[in-house]
S.K.: 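Just dropping this structure here.
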Amino acid sequence: MSTPSTSIESTLVENRVFEPTEATVKAARISGMDAYNALCAEAEDDFEGFWVRRARETLTWHKPFTKTLDESNAPFFKWFEDGELNASYNCLDRHMGTPVENKTAIIFEADGGEVTKVTYKELLGKVSQFANALKARGVKKGDRVVIYMPMTIEGVVAMQACARIGATHSVVFGGFSAKALQERIQDAGAVAVITANYQLRGGKELPLKAIVDEGIAMGGCECIKDVIVFQRTPTAVNMVAGRDSFMHDVMAGQSTDCPAEMVGAEHPLFVLYTSGSTGKPKGVQHSTGGYLLWASLTMQWTFDLQDKDIFWCTADIGWITGHTYVAYGPLAAGATQIVFEGVPTYPNAGRFWQMIERHKCTIFYTAPTAIRSLIKAAEGDEKVHPARSDLSSLRILGSVGEPINPEAWMWYYKHVGGERCPIVDTFWQTETGGHMISPLPGATPLVPGSCTLPLPGITAAIVDEAGMDVPNGSGGILVVKRPWPSMIRTIWGDPERFKKSYFPEELKGYYLAGDGAVRSADRGYFRITGRIDDVLNVSGHRMGTMEIESALVGKTDLVAEAAVVGRPDDLTGEAIVAFVVLKRSRPTGDEAKAIAKVLRDWVGKEIGPIAKPKDIRFGDNLPKTRSGKIMRRLLRSIAKGEAITQDTSTLENPAILDQLSENN
Ligand code: WT7
């Protein structure tokens with residue numbers, strides 16, 4: 001195999017098609033394109049009725065809903081509003097007294113390889129105990145709770161326990177910095193933080209509790225009354241008297257019975273922060289009823305979940321994928337799932353393949369970045385090649401988070417899936433709550449690099465800047481024309497920004513995804529061409545360029561001005577490139593290297609290691625128009641090392657382009 005290239009251009013001439021086998025079609029929940037088309041037609045003919053039927057079949061309602069979709073205050077749509085239910089009840093209690101009760105809910109594999117399993121019944125007991133503990137500490141329905149935890153059973157327990165008592169959780173990824181954590185605690189007005197003393201990743205013990213302390217000490221977090229610490233490792237941490245307690249202590253003596261608090265369908269189940277095109281992250285607010293419906297239904301549709309499946313989504317609970325396809329979807333659907341604490345490269349880059357073999361995983365869902373890095377590792381060392389593991393248990397593969405280049409797709413298909421497993425390339429976003437455009441494994445013919453067709457009920461389309469449909473073959477803006485149950489409800493505390501970001505007036509009330517896309521001329525298949533706003537996708541992690549810029553200019557003793565752009569990268573999809581003007585003269589050579597390191601570390605502290613620029617270039621100035629606007633498209637060309645072909649006549653200072661193009 002040659003080194004994979006991320007050139008998505010090659011999909012323009014992609015003409016390989018992989019049809020599902022007859023046996024796959026026959027056994028699937030949505031069996032064949034006729035079944036898919038029938039569901040789409042049902043949604044088209046009777047949109048509300050379609051969702052009513054799905055909501056009744058899929059979830060257990062404490063109080064049945066009588067209203068389906070309320071569009072009276074668009075774009076603040078409401079679904080199933082007068083219905084009442086509880087998400088944790090639907091993930092756990094509902095399975096009691098059924099064969100799922102004693103089924104394994106979670107197979108947990110620790111960083112070091114130890115395996116722990118819990119059944120649905122055991123998980124319900126733990127969640128209930130912890131829910132009782134939260135209540136005993138005064139956490140109540142409607143409160144916000146920040147969760148800053150490693151990938152563990154306890155992480156899932158924390159989320160489920162919040163849901164159980166009607167508290168709205170906000171999970172912050174364990175790789176975010178103290179500052180990022182503090183901002184999220186403040187914005188959410190959280191009453192408690194649930195964390196761990198340390199997290200284990202790749203054989204290393206990394207602090208979490210110390211970062212929580214540091215974040216809270218930065219100020220403005222007086223809302224926090226409790227910090228609850230899961231003791232992941234024996235290492236001691238500082239505990240603040242009157243504020244901090246251990247998870248095992250607060251759970252001890254609590255009853256394993258905790259009746260779930262019923263909430264209205266629109267009750268905010270969680271707020272999850274994500275990057276947008278301004279400096280401040282957005283708290284994406286999700287509902288309970290509509291969100292859970294789609295989490296559960298897409299488990300059945302996209303992953304064709306069957307009773308015997310062993311499902312594994314490798315995403316961290318700190319991202320939306322880990323919410324929908326670890327903490328909620330698999331449990332609501334009664335699946336057995338693998339939860340993995342560690343990293344794909346420890347103790348070696350064959351870890352994923354070895355784990356698939358060990359646990360007889362049948363459905364495997366990961367990100368293109370992971371696949372690309374494992375391809376590289378397998379090519380360099382035959383011992384970590386998937387061929388070394390028995391992957392015959394696999395039946396479905398999934399991809400998520402960024403466009404998958406056809407080369408990586410083919411490798412995944414061949415070497416992991418044994419040319420037997422359909423790949424579901426699932427396009428969706430934090431805001432969409434669940435899958436939007438994806439093949440169905442027992443129906444859709446696959447084309448490498450294409451997420452194929454919208455799921456039934458999802459009215460995805462491609463339009464121009466005036467909201468008019470564009471013909472297949474021409475690119476445009478990806479929108480969703482009609483609301484869907486698991487859509488974002490608002491941005492926490494900022495409804496105006498919600499409207500402006502997702503429902504711009506010129507787009508006729510359509511939901512704006514923020515991605516460009518094109519449909520193929522022959523099949524009408526969607527291919528995502530990338531973000532159309534100032535958002536980067538680095539290793540499947542979403543980063544706002546403005547967020548990184550404001551971190552850089554926050555280094556006030558050094559930085560005068562900064563502009564951040566993305567550059568295509570073979571491994572990470574996109575890489576972060578920062579152009580920086582210092583307050584002192586422009587550094588070169590070793591000095592430039594030293595300052596670049598200082599700035600990288602600074603960004604790591606301000607946001608988190610994932611936001612560190614790969615490349616930092618210094619200039620006396622930035623390319624600006626005469627009105628002072630930074631010309632980012634020129635910076636993007638420079639970052640790529642391209643010759644500048646664009647019109648530069650409006651530039652105030654054309655000479656700056658040569659300086660920034662120099663590799664310093
Ligand atoms: C952005 C959303 C969805 C969970 C993980 C990321 C990109 C996501 C795909 C895909 C091409 C994709 C888009 C999207 N994206 N999945 N299958 N093909 N691009 O969630 O952090 O909210 O990022 O990820 O650009 O807008 P997120």
Side-chain angles (χ1 to χ4, degrees), residues 6 8 11 171 173 175-176 270-277 281-284 286 294-295 298 302 313-329 365-372 397-406 408-409 412 423-439 444 446-455 458 460 477-480 486-488 491 501-502 511-518 525-545 547 566 568 572-574 608 610-611:
T6 49
I8 49 172
T11 53
V171 185
F173 173 60
F176 277 118
F270 64 86
V271 171
L272 181 60
Y273 287 84
T274 191
S275 299
S277 42
K282 312 188 259 200
V284 173
H286 277 286
W294 201 230
T298 49
T302 314
C313 165
T314 67
D316 193 282
I317 51 168
W319 309 112
I320 190 68
T321 313
H323 280 59
T324 309
Y325 300 107
V326 178
Y328 291 106
Y365 188 36
T366 197
T369 284
I371 298 165
R372 285 193 296 265
L397 300 176
S399 171
V400 60
E402 51 182 316
I404 179 164
N405 49 303
W409 194 103
Y412 195 29
I423 297 178
V424 289
D425 175 2
T426 60
F427 169 83
W428 59 296
Q429 310 175 293
T430 303
E431 294 87 343
T432 69
H435 302 152
M436 299 297 278
I437 309 179
S438 173
T444 320
L446 306 171
V447 171
S450 167
C451 51
T452 73
L453 297 168
L455 293 179
I458 303 298
I477 301 168
L478 181 64
V479 297
V480 186
S486 67
M487 69 192 296
I488 174 176
I491 291 175
S501 310
Y502 302 110
Y511 168 82
L512 173 70
D515 284 284
V518 58
Y525 275 12
F526 286 74
R527 183 168 61 81
I528 308 299
T529 50
R531 299 288 305 194
I532 52 172
D533 51 10
D534 295 318
V535 170
L536 306 182
N537 193 324
V538 183
S539 299
H541 296 150
R542 192 161 144 182
M543 296 299 330
T545 52
E547 216 177 319
T572 58
E574 277 188 297
I610 50 172

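Counting convention: from 1, in listed order, for ligands and their atoms alike. Every value quoted in this text rests on a predicted model; they were computed, and no experiment measured them.
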S.K.: Ignoring hydrogens and angles, state whether a donor on the side chain of Thr432 or Tyr511 is under 3.5 Å from an acceptor on the partner side chain.
M.R.: no
S.K.: In this structure, which one of Glu402, Met543, Arg542 forms a side chain to side chain contact (heavy atoms under 4.5 Å, CB included) with Asn537?
M.R.: Glu402
S.K.: Can a donor-acceptor pair be found between the side chains of Thr426 and Tyr365 at a distance below 3.5 Å?
M.R.: yes
S.K.: Would Val538 and Ile610 count as a side-chain contact (heavy atoms from CB on, under 4.5 Å) if you check the C-alpha gap in whole Å, the side-chain angles of each, and the deciding distance to 0.1 Å?
M.R.: CA-CA 8 Å; Val538 183; Ile610 50 172; over 6 Å; no
S.K.: Nearest protein heavy-atom contact for atom 2 (C) of ligand 1: which residue, which atom, what distance?
M.R.: Trp428 O, 3.7 Å
S.K.: For atom 7 (C) of ligand 1, find the nearest protein heavy atom and state the residue, atom name and distance (0.1 Å precision).
M.R.: Gly401 O, 3.3 Å
S.K.: Quick one: which of Val400, Thr430, Asp316 gives a side chain to side chain contact (heavy atoms under 4.5 Å, CB included) with Thr321?
M.R.: Val400
S.K.: For atom 10 (C) of ligand 1, which of Arg542, Glu402, Glu431 has the closest heavy atom?
M.R.: Glu402
S.K.: If you measure from each non-hydrogen atom of Asn537 to ligand 1, which part falls under 4.0 Å: side chain, backbone, both or neither?
M.R.: side chain
S.K.: Look at atom 25 (O) of ligand 1 and say which protein heavy atom is nearest, naming residue and atom and giving the distance to 0.1 Å.
M.R.: Asp515 OD1, 2.6 Å
S.K.: So for ligand 1, is Arg531 a polar contact partner (N or O within less than 3.5 Å, distance only)?
M.R.: yes
S.K.: Would you mind telling me if ligand 1 is within reach of the side chain of Gln429, the backbone, both or neither, using heavy atoms under 4.0 Å?
M.R.: both
S.K.: Take the angle between the ring planes of Tyr325 and His435 and call it parallel below 30°, perpendicular above 60°, tilted in between.
M.R.: parallel
S.K.: At less than 4.0 angstrom from any non-hydrogen atom of Ile528, what atoms of ligand 1 do you find?
M.R.: 11 (C), 19 (N)
S.K.: Applying a 4.0 Å heavy-atom criterion (strictly less than), which segment of Thr321 is in contact with ligand 1: side chain, backbone, both, or neither?
M.R.: side chain
S.K.: Would you call Ile320 and His286 a side-chain contact if the rule is heavy atoms closer than 4.5 Å?
M.R.: yes
S.K.: With a 4.0 Å cut-off on heavy atoms, is Cys451 touching ligand 1?
M.R.: no
S.K.: Which one holds for Thr426 and ligand 1: side chain close, backbone close, both close, or neither close, with close meaning a heavy atom under 4.0 Å?
M.R.: backbone
S.K.: Could you check atom 11 (C) of ligand 1 against the protein and tell me its nearest heavy-atom contact, residue, atom and distance included?
M.R.: Pro403 N, 3.1 Å
S.K.: Between Thr529, Asp533, Thr430, flag the one that comes closest to atom 22 (O) of ligand 1 by a heavy atom.
M.R.: Thr430
S.K.: Please classify the His541 to ligand 1 contact at 4.0 Å (heavy-atom distances, strictly less than): side chain, backbone, both or neither.
M.R.: neither
S.K.: Look at the rings of Phe270 and His323 and say which category their plane angle falls in: under 30° parallel, 30 to 60° tilted, over 60° perpendicular.
M.R.: tilted
S.K.: When Ile437 is tested against each of Leu478, Ile458, Val480, Leu455 for side chain to side chain contact (heavy atoms under 4.5 Å, CB included), which residue passes?
M.R.: Leu478
